[in-house]
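Both counts, for ligands and for their atoms, begin at 1 and track the order of listing.
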Amino acid sequence: MTTMNHDISGASGVEAGADEETATPILDVRGLTVHFPIKKGFLSRTVGHVRAVDGIDLSVRAGETLGIVGESGCGKTTLGRSVARVIEPTAGQIVYRDTAGRNVDLAELNARRLRPYQRQIRVVFQDPFSSLNPRMTLRQIVGEPLRTSGTVTGSELDDRVASMLERVGLSPKYMNRYPHAFSGGERQRVNIARALVLGPRVVIADEPVSALDVSVRAQILNLLRDLQEELKLTYLFVSHDLSVVENICDRVAVMYLGKIVEVAGTADLYAQPRHPYTEALLSAVPRPDPRLRGAGRRIRLADDLPDPANPPPGCYFHTRCPYAVPGVCDVAERAPLLTSSGSGHRVAACVRSDELGLAGVGSEVGGP
Ligand SMILES: Nc1ncnc2c1ncn2[C@@H]1O[C@H](COP(=O)(O)OP(=O)(O)OP(=O)(O)O)[C@@H](O)[C@H]1O
Ligand SMILES: [Mg+2]
């Protein structure tokens, strides 16, 4: 379908044949912005906007798992959903490299032209309990994307659903049962089957294990890992749980108030954070072994997350940052913005990144 593509090759700014650090991105998000209108009064007049995603640049490499972390309300879900265009972006580009190696800006496609790409980028929604329709059987839930895409019908559809269920570790003999008959872990398997049944290349997993018991988490994470290898998937892994992210992600992007404040390889980020917000998040990661606890002190952030409809001037984090310099961090012209997240280089939006020597945590993955 060549006519459907807007070839904007070269827009990624990444050299072909570059080393692992700068591998070609499958997704290159630029200036992505999602503002939700705040409506008030009898006439529902718009009185402001929640800046849920506030001008994000982010590259996702083919085959990697990129974690998105940050406090509740920082915009992780909105970012993930807008990349898949489940939520409409207000502005920005979502450059997707298709199977033929062409770059397509998904943000500018109309619904009809977007459809083939929506099969390639799927979302596993946040809560396996509320995201499955209780009045639909597993056959209907997992088969729905196939039916609406109109590509498969009848017994072929049943076969596809059955083999997908098997792949996620569920017996096809349960196809006619309803979600209430299943445990949280099994429902999340159904959720994953529904996201994968169209054969996507990119999966946006929104807190895929947060609602599950600890004992079930490892099983679902292992399943996600196996499926990634088997189906050559790229994951955008949204989570507020830094222990889970450490386990499954190759790189991590840290989000604060609709912006990315730091991006780095997982081991690098955990050992040596370069943004004070990352340091504060990491200080809460449990480490039973005291040798791995970094500076060993828990940094307690004041509970006053600024209003995302009215963010502070300069660095958004300066109102809670223990290292903020008055006259610098609170001045828009002087606080750095994360203008380029590259596709691998570590970057942090902090004027003091180089001088602070922030504390990270030792690695538990693969032993101390
Ligand atoms: N449909 C909407 N209309 C208005 N505001 C919204 C809407 N969806 C999200 N928001 C707001 O946008 C901001 C980001 O929300 P989002 O759900 O993306 O955060 P999150 O990081 O996923 O949080 P959590 O960790 O709790 O899931 C919040 O301030 C939220 O209240
Ligand atoms: Mg969320």
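Per-atom contact check: atom 6 (C) of ligand 1 touches the protein, criterion being a heavy-atom distance below 4.0 Å. Within a 4.0 Å radius of atom 19 (O) of ligand 1, the protein contributes one or more non-hydrogen atoms.
Residue Leu106 holds its CG atom at 7.0 Å from CG of Leu27, rounded to the nearest 0.5 Å.
Protein heavy atom at the shortest distance from atom 8 (N) of ligand 1 is Phe36 CE1, 3.4 Å. Closest to atom 27 (O) of ligand 1 among all protein heavy atoms lies Gln126 NE2, 3.0 Å.
Between Gly80, Gly75, Ala52, it is Ala52 that holds the heavy atom closest to atom 12 (O) of ligand 1. Remark: among candidates Gly73, Gly70, Gly258, Pro37, the nearest residue to atom 13 (C) of ligand 1 is Gly73, based on non-hydrogen atoms. Looking at Ser72, Ser239, Pro308, Ala309 and measuring to atom 29 (O) of ligand 1, the nearest heavy atom belongs to Pro308.
Those atoms of ligand 1 that come under 4.0 Å of a heavy atom in Val50, given as number and element, are 11 (C), 12 (O), 29 (O). Atoms of ligand 1 lying under 4.0 Å from at least one heavy atom of Thr77, given by number and element, are 17 (O), 18 (O), 20 (P), 22 (O), 27 (O). Heavy-atom contacts of Cys74 reach the following atoms of ligand 1: 19 (O), 21 (O) (cutoff under 4.0 Å). Residue Lys76 approaches ligand 1 through these ligand atoms, each under 4.0 Å from one of its heavy atoms: 18 (O), 19 (O), 20 (P), 21 (O), 22 (O), 23 (O), 24 (P), 25 (O).
Taking the six-membered ring where the residue is Trp, His275 and Tyr277 present perpendicular rings, their angle passing 60° and hence far from 30°.
Across all their heavy atoms, Val263 and Ala253 have their closest contact at CG2-CB, 4.2 Å.
Residues Tyr316 and Tyr256 place their aromatic rings such that the two centres sit no closer than 6.0 Å.
Under the 4.5 Å side-chain criterion, counting only non-hydrogen atoms from C-beta, Pro145 is in contact with Arg194. For the pair Val29 and Val83, the minimum side-chain heavy-atom distance is below 4.5 Å.
Residue Val214 belongs to no hydrophobic cluster, having no ILVMFWY side-chain heavy atom closer than 4.5 Å to its own.
With a 4.0 Å cut-off on non-hydrogen atoms, Thr78 touches ligand 1 through its backbone as well as its side chain.
Among the atoms of Thr77, an N, O or S atom is found under 2.8 Å from the Mg ion (ligand 2).
Remark: Arg122 pairs with no residue by the salt bridge (charged side-chain N to carboxylate O under 4.0 Å, His left out) rule, at least two apart or across chains.
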request  = Mind running salt bridge (charged side-chain N to carboxylate O under 4.0 Å, His left out) on Asp158 and Arg139 for me, showing each step along the way?
outcome  = CA-CA 7 Å; Asp158 273 4; Arg139 169 191 267 118; 3.0 Å; yes
